[in-house]
Amino acid sequence: MADGQFGFATRAVHAGNIPDKATGARALPIYESAAFVFENSDDAAARFALRKYGEIYSRIVNPTVAALEERVASLEGGLGAVATASGMAAEFITFVALAGQGDRIVASSQLYGGTITQLDVTLRRLGIETVFVDGDDPADYAAVIDDRTKLVYAEAVANPSGEIADIEGLAEVAHAARIPLVVDSTMATPYLMRPIEHGADIVIHSATKFLSGAGTVLGGVVVDSGTFHWDEDKFPLFYEPVPSYNGLTWVGNFAQYAFLTRLRAEQLRDVGPAISAHSAFLIAQGVETLPLRVQRQVDNTREIAAWLEAQPQVEAVHWAGLASHPHHDRALKYFPNAGSGSVFSFDIRGGRAAGRRFIDSLNLFSHVANIGDVKSLAIHPASTTHGQLSDEQLREAGIGEGTIRLSIGIETAADLIADLGQALENSQESAGADGTQSGAHSEEDRS
Ligand SMILES: *Cc1c(COP(=O)(O)O)cnc(C)c1O
């Protein structure tokens, strides 16, 4: 399919999926097979040596997974994609493909909690050091990039602070250092914003969230623009003969597909976080309705964020679509059509105790550690998703004791507002008496 000719909604439904040749099945077939039969010995040898593209074994290539990969790559405007068992796996294989012992990653401090621990605990233990940047100015990143730095990492919309990355500025800073900008665009979704159009080189998704949309499955996707020039001094492994593939070289043999081929033929082979065909099917089906769902979610969010901001029990609402958010200008620049997503946080008056009472009072909102579902969700990050972080890391991630994260679904907005309203009232029941309440910590919590 010549993707460029079709609109976003058409590609969401059709990219990567043609009717099954053998049966004519219109839906994407679920190829639940660990391995695939070779035509003959020559064919088998050619596939193993990467001289011929084709299925071998589902840890590396699977036709259902390939359809999902093509669909997401098309929506992001990338050259191709590699799908993984989870968003964390997509991040891990990207990081370890680009950085090794003694190398550095420069990353925003405003990241998903699991990403912070992957970088700060596991990769650090493997000898890859991450420098977390507190500021939001690309110059703050440039200041800490050194010769050993192999990539710049940020979230398009930070979870849960709602801060918007200056992707164009970060791309300039990264490219000046001859390293790629990698963007986690889970919260933005390709419907709202496509980082590659703004200069990002690699885009990562937790497909568990908006791409699937139904909260039924885990998955991740790495999309490569295919346009980054791998500098031979910075990234020698892209140019050195690969012993495990008979001495071919990633750039020499695969040109603009070098990174994608390495992710698949080396990282999926060696690390093994393959997504199942059934999971890929669920996500590919979810993507078909992505434009409809996300538009509705953002419409609901706009109404709910404005309503919350006017409530006396609410200290601040952190959604960049609001004029009060410090990144409102960035939201207008990067999200001109619909708005900066449907996951945001707000600070409740009364701190941790009020936050817990609020969460426990919700009826329609579900209290779960997920986002991007068609059902509305709520959580208290300081005690859950970001509970493993130190006080300082929490502050840097923009999370206070009374911060509540909401993921707005596709329900009727008035019903969601009614549920939030009664929970806000209940949250304040014993407020004011015990000194743990409003004000004292909130100014410094909001960094
Ligand atoms: C959930 C999430 C991840 C991790 O993805 P999993 O699919 O849960 O492994 C990474 N980044 C962001 C922004 C997320 O919301």
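We count ligands from 1, going down the list as the structure has it; atoms in each ligand are counted the same way. The figures that follow rest on heavy atoms only: side chains count, while hydrogens, waters and symmetry mates do not.
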Can you say whether the rings of Phe228 and His175 are parallel (under 30°), tilted (30 to 60°) or perpendicular (over 60°)?
tilted

Report, in ascending order of atom number, the atoms of ligand 1 lying under 4.0 Å from any heavy atom of [X].
X      : answer
Asn159 : 15 (O)
Thr186 : 12 (C), 13 (C), 15 (O)
Gly219 : 7 (O)

Do [X] and [Y] have ring centres separated by under 6.0 Å?
X      : Y      : answer
Trp250 : Phe238 : no
Tyr53  : Phe254 : no
Tyr191 : Phe210 : no
Phe6   : His14  : no

Rounded distance (nearest 0.5 Å) linking atom [atom1] of [X] with atom [atom2] of [Y]:
X      : Y      : atom1 : atom2 : answer
Arg330 : His325 : CZ    : NE2   : 10.5 Å
Glu129 : Thr149 : CD    : OG1   : 8.5 Å
Glu266 : Leu237 : CD    : CG    : 7.5 Å

Applying a strict 4.0 Å limit to heavy atoms, is Ala90 in contact with ligand 1?
no

Identity and separation of the nearest protein heavy atom to [atom]:
atom                    : result
atom 5 (O) of ligand 1  : Ser206 OG, 3.0 Å
atom 4 (C) of ligand 1  : Tyr112 CE2, 3.5 Å
atom 11 (N) of ligand 1 : Asp184 OD2, 2.7 Å
atom 10 (C) of ligand 1 : Glu91 OE2, 3.2 Å
atom 7 (O) of ligand 1  : Thr208 OG1, 2.6 Å

Nearest heavy atom to atom 2 (C) of ligand 1, choosing from Met88, Glu155, Lys209, belongs to Lys209

Please check whether Thr115 reaches ligand 1 - meaning an N/O of the residue sits under 3.5 Å from an N/O of the ligand, judged on distance alone.
no

Is the shortest N/O to N/O distance between Gly87 and ligand 1 below 3.5 Å?
yes

Does any donor atom in the side chain of Ser376 or Glu411 lie under 3.5 Å from an acceptor atom in the other side chain?
yes

Per-residue contact class, Ile371 against ligand 1 - non-hydrogen pairs under 4.0 Å:
side chain

